[in-house]
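Read the structure below first, then the notes.
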Amino acid sequence: MTSAHPHPQSQAQPHHPPQAYPAPPGSTPPPRSAQDESPQDVVRRPRTGARTVPRTRKARLRVAKADPWSVMKVSFLLAIALGICTIVAVAVLWMVMDAMGVFAAVGGTVSEATSTDGGGGFDLEGFLSLPRVLAFTSVIAVIDVVLATALATLGAFIYNLSAGFVGGVEVTLAEDE
């Protein structure tokens, strides 16, 4: 029976790839059988000028498509968060200004300027009450949520159309090892 392999004994021994560098002086290579010995088999030693700085892998990627549904969901959540922050900021600002007496001072001046001989002037403090200011701010926040969501979704559609023509935005990502 003839075999296609010229040396059937080599299949029984594990393969040891040749080393790129000769063994350093004074070191002893690991023991090997007589069949594995060849002039190419040497122990690898590190280079003297080895890099000590970690390598950085970089990849250039292209944003070819933005999914309009995911853009809509993310922009909706961000617009809701922005609306809540706006309402809280207006409430805090109103309370600080009321505690400082700004509305009373300005309201007194406006009331004196708009008063007539027979009656009082315009009541600014009643007009700028906290519930009225928060209701107005809430209406503005709801309009902002609808508009921001619609504009971001429309922007995703427009980006997809333009990316089809010019290829999209190229991004270079780097990974530190």
Side-chain angles (χ1 to χ4, degrees), residues 17 19-21 24 43-177:
Q19 297 296 321
Y21 300 103
V43 177
R44 183 177 184 172
R45 67 181 171 96
R47 298 183 304 181
T48 55
R51 290 184 114 175
T52 56
V53 179
R55 290 182 147 179
T56 302
R57 295 189 321 175
K58 291 184 179 179
R60 289 187 67 175
L61 301 173
R62 185 172 47 95
V63 180
K65 182 179 183 280
D67 184 33
W69 178 249
S70 66
V71 169
M72 187 182 78
K73 291 188 295 186
V74 169
S75 65
F76 178 72
L77 288 177
L78 290 177
I80 291 270
L82 181 65
I84 291 171
C85 289
T86 302
I87 292 171
V88 169
V90 166
V92 168
L93 183 64
W94 189 93
M95 286 187 252
V96 167
M97 289 176 69
D98 189 46
M100 291 173 50
V102 172
F103 296 126
V106 174
T109 305
V110 169
S111 180
E112 284 180 30
T114 59
S115 66
T116 61
D117 293 334
F122 181 71
D123 183 21
L124 184 67
E125 289 184 72
F127 182 74
L128 292 179
S129 65
L130 181 61
R132 184 174 277 180
V133 169
L134 288 182
F136 180 74
T137 305
S138 298
V139 168
I140 296 297
V142 167
I143 292 171
D144 178 53
V145 166
V146 171
L147 285 178
T149 304
L151 287 176
T153 307
L154 181 65
F157 279 113
I158 291 172
Y159 176 80
N160 290 339
L161 288 175
S162 65
F165 292 120
V166 296
V169 175
E170 287 190 15
V171 180
T172 301
L173 301 175
E175 176 186 16
D176 293 332
E177 292 181 1

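All figures in this text were calculated on a predicted structure; none of them were measured in a lab.
- In terms of heavy atoms, L134 sits closest to A91 at CD2-CB, 3.8 Å.
- Nearest heavy atom pair, residue A141 against residue G83, reads CB-CA, 3.9 Å.
- Counting non-hydrogen atoms of neighbouring residues, nucleotides and ligands closer than 6.0 angstrom, the OH atom of Y159 exceeds 12 such neighbours.
- Screening I84, L78, L82 for a side-chain contact (heavy atoms from CB on, under 4.5 Å) involving I80 leaves a single residue, I84.
- When all heavy atoms are compared, the tightest approach of A66 to V71 is CB-CG2, 4.3 Å.
- Nearest approach of L128 to W94, heavy atoms of both residues: O-NE1, 2.8 Å.
- Listed here is the closest heavy atom pair of A156 and P68: CB-CA, 4.0 Å.
- Across every non-hydrogen atom of T149 and F76, the tightest pair is OG1-CA, 3.4 Å.
- Looking only at distances, a side-chain donor or acceptor of S75 sits under 3.5 Å from a matching main-chain atom of M72.
- Here the OG1-CG distance, from T86 to D144, works out to 6.5 Å after rounding to the nearest 0.5 Å.
- Checking side-chain atoms of R60 against main-chain N and O of E170 turns up no donor-acceptor pair under 3.5 Å.
- Judged purely by atom type and a 3.5 angstrom limit, N160 has no side-chain atom pairing as donor or acceptor with the backbone of D67.
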